[in-house]
Every structure is written in structure tokens, then in C-alpha cells.
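Here the structure comes first, spelled out in C-alpha cells, and everything after it is commentary.
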2 protein chains.
Amino acid sequence: MAGRTVRAEQVSATRELILTAAERLFAERGVYAVSNRQVSEAAGQGNNAAVGYHFGTKTDLVRAIIRKHAARIEEIRARLLAAVGDSTDVRDWVDCLVRPVPEHLAALGSPTWYARFCAQVMTDPALRRLMAEESLSSPSLRQIVEGVRRCLPDMPDEVRVERGDMVRHLIVHVAAERERALAENTPTPRTSWHDAATGLVDAVVGMWLAPVTRGREIT
Amino acid sequence: MAGRTVRAEQVSATRELILTAAERLFAERGVYAVSNRQVSEAAGQGNNAAVGYHFGTKTDLVRAIIRKHAARIEEIRARLLAAVGDSTDVRDWVDCLVRPVPEHLAALGSPTWYARFCAQVMTDPALRRLMAEESLSSPSLRQIVEGVRRCLPDMPDEVRVERGDMVRHLIVHVAAERERALAENTPTPRTSWHDAATGLVDAVVGMWLAPVTRGREIT
DNA sequence: AGCTAAGTCAAGCAGCTGATTTAATTCTTC
DNA sequence: GAAGAATTAAATCAGCTGCTTGACTTAGCT
């Protein structure tokens, strides 16, 4: 159970190999279009059952990939959160909410696959809950929600969670879109992940501050 | 090739049966998690190759489902578009952009599956292009983009397409989220598709009108 | 040095996949 | 009403799936 034996390092190396290969294949071809066999082979494991041995089912593998990144993202989020203190400017809280993912992707260096992977996991009816569980277990995320709430005391609760959901989708899918564009050498609206995040923050702040139509409207 | 023979009606009935069954299964379990065999069986066709006979590959089936709804949605969009004329109010154009999908879902009556289906298709690396092709072929959609452009003459092109992308994702995924909540009997922020659309329009207008941060920002 | 436990590898299993082929049925058309 | 085409049904195919099995290799301990 020790940390630094030769054996343990080899194991964690092949685990890492499998995680990386899986992330790439999943992002490029689709989670369900790729078999555990293909992942094992792409990871350089002659063993066609390596995924099964190290992770179990494909769902477990997906969860492991999520966890691997979640820690780093949570770190970044906590750092940004510490900087905002008890601000009452919505933009400060939106920064905390939006920037961790793009900043993490930037830190990974190009190419990346995690955003496209996440977009699929969030959308798939069977894998959705994995991502949801991971989000719910983040204390910093709850803090941000609370921070936003304090900035917008007059906004009805339903509208605030409604717009929170929108932001959640926006962060992941906009990042995935940009990642795909980078992978395909398609022109992107922004030159860096940081600038892309700024564009997203601009939009999200505007969205969250938008006036709320009450009652009924004409059709 | 005539339209109203008994035979032709039976055929189009079983085609419809297959389309409906596929849409439901795809939405509930995932496009790739469902085999053509399962679709055929769920459609009540003893023939396990019915999908292959009537549609060809799974990609063709997905395309057929998209087309089936696209026509109705395009109709609604054209109707709304005719009503806005040459307005310079962003909200009018956002209405045209956002409302067709929720209005179509409302017209289908509950339960619906199309929104969840679309979310998956839009996200999957292999199926993405199907949805993109369908969108690009819509003249009314281009008109709306042009209308928004005229409302926001000072906004840089990149930012406008950037935010246009955001809206695209928002429409589909917010609808999918609500559809899922309805299917699972989970509470929803809004009581009707129309109200949900209003919430989305509010947010999108705010997003599109948000000020644009120029140049660099502090990290 | 020798034993145990863990990781790797290679092969094989039943089951399901899409696709094709053949047979039976059903409607159209002459 | 019979010929013929089109749809449905049923059986079959090779290929791939996840999963299990057992043999082999190697690290770590006594």
C-alpha cells in the first residue's frame, strides 16, 4: 500500500496511460463508439482487458477521468474564490464560476480533450449523474451559488436556478466547441482560453443581470 | 408512386412507428446505447431488420428524425419571422430564434423526447454534422442572424457569432433539461413551455446586449 | 533463495451487433 | 383473378462486445 515502490509506480503509470488514451478516444469518436478493447490497445496494453482490470466497467472509467480533472479544477476554483472575499459584484462570482474550466484547459496545453469529453458525459442519459454527483460534492461551487444569491436578492429563486443551469451548460459546451475548433484547425473567435473565458463571463454576467419578465406575455 | 394507396399508407405508418420508437429510446437510453434491433422491436415490427429496410444505417435514421421535426419548427419560425418585420428590437429577433423549439415541443403534447434526442445529436462527435447541415439549410435562420446583426451594429463580428453559438447550445440543452424534468416528474422552474421560453428569451437578450470587455484583463 | 501477491498477457466464452439472404405475406395492376 | 412488385418476417452470417479464465512475469517479503 506504500506510495513509491517500483511496482506501484508502474501500475499508476499504466493507469494514467489508459486514462489519457480513453479521454482522447472518447472525445474524438464518442464515449459509446469506443470499446474498452480499443482503449486498452490505444494505451499500449497488449492486454485487451486492461480497462476491466484497472477500472472495472466503462462507467467507472468515465468516473475516473472526471475525478482526475475535478481535483485540479476545484483547486483553481478555490483560489479564485479566496480572492473575491465577500464581493457584491456579480462579475466576481461569475469569474469564479466560469474561469476554472478554461484555465484548467489552458494549463493542460494543447491539444486537450476534456471539454469534449465532458460535453458528452453531461448530455448522455446514463452518464449525466456521474457529472452531477461530482458537482454536488464541490463545496466551493455551493459557496459561489450563495455568493450570486447575495448579489441578486430580488431575483426569484426559480429564475436564479434556471439561469444557473444555463451557465452550467454554457461553460461546458462553449469550451467543447472551442476545443473542437482548435483540434480541427478551424478559426476561433478568441486567441486564448483566457480571452474565451472573458467572452463567456461577459455574456454570463449580462444573462444573469437581465430583467425578468413577470406574468404572462402575448404569444 | 401515388400517395394514397393502402400499401403506401401502411408503409408510412410503420415508418412513423419506427421513427417514434427510435426517438423515445434514443432520448431515454442514448443513441448509441440502443441497437437497430431494439428499435425495430419497440416499433412492434417482428422484423428485426426493419430499421435497415426502411432507413438504412443508424445515421440515416437519426437524420430522418431530425427532418421530421425540422419542417414543423421551420414553419413556426417563419410565422414568427413574418411578425417581426424589420424591427430593431433585439428581443423580437431573439423571440424568433428561441421560441420555435419550445413551441414545437408544446404542440407535440407530453411526453416529448425530441429535445433530449437533439442534445445528444448536437454533442456527439459523429452526429454533430447532421444537425449542423440541417441548420445551415434554413433560410429563416439566416434571416434572424442578419436581423440581430442590424440591431447590434457596433458589436464585433466574432463576439456576435460567439454569442450566437451560445444561444444555439442554450436553446437545445435548456429544453432538454426541462423535458427530462417533466419525464422524471421533477419540479421545473416554469409551468409551461411558453413560460420556459420566456425565461430563456429574457436571459438570451441580456446575454446578447451585455457589454464587451476589450483588450486584456487582469488574471 | 524461495514464496506470495500483484500485474500483465493471451485466449476463449456467450451474447449482441449490423447486414444479408431467403421465405412468406400482402397489396397493386393488368 | 393471376402476375408481379413491395413489405414483413425469419434465419443466418461474420465481426465485435464485455467478461472470464489460466498461464506467465515480476516486485516485495521472510
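Each chain gets a letter, A, B and so on, in the order its sequence line appears, and its residues count up from 1. This is a predicted model, so every value here is computed, not measured.
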With no hydrogens and no angle check, do the side chains of B/R116 and A/T123 hold a donor and an acceptor under 3.5 Å apart? no

List in chain and number order the residues that pass side-chain contact (heavy atoms from CB on, under 4.5 Å) with B/A42, two or more places apart in sequence or in another chain; answer none if no residue qualifies. B/A21, B/R24, B/L25

Between C/dG7 atom C1' and A/E16 atom CD, what is the distance in whole Å? 17 Å

Pairing of B/R67 and B/E134 as salt bridge, 4.0 angstrom limit: yes

Considering just the side-chain nitrogens and oxygens of B/T14, establish if one lies under 4.0 Å of OP1 or OP2 belonging to D/dT7. no

Please report, rounded to the nearest Å, how far the C1' atom of C/dT25 is from the CD atom of B/Q45. 14 Å

Pairing residues for B/Y114 by the ring-ring contact (aromatic ring centres under 6.0 Å, His included) criterion, not counting sequence neighbours: B/H69

State whether B/Y53 places a side-chain N or O below 4.0 Å from either non-bridging phosphate oxygen (OP1 or OP2) of D/dT8. no

Could you state the CD-P distance from A/E41 to C/dT8, rounded to the nearest angstrom? 16 Å

Return the value, rounded to whole Å, for the distance between atom OH of A/Y32 and atom C1' of D/dG18. 14 Å

With B/W193 as partner, the option from B/V101, B/T198, B/L182 fulfilling side-chain contact (heavy atoms from CB on, under 4.5 Å) is B/L182

Go along nucleotides 11-24 of chain C 5' to 3' and tag each nucleotide: B for a protein heavy atom under 4.0 Å from its base, S when only backbone or sugar atoms are that close, - otherwise. BB----BBBB----

For residues A/T14 and A/Q45, is any side-chain donor paired with an opposing acceptor at under 3.5 Å? no

Tell me the interatomic distance from B/I18, atom CD1, to D/dT7, atom P, rounded to whole angstroms. 12 Å

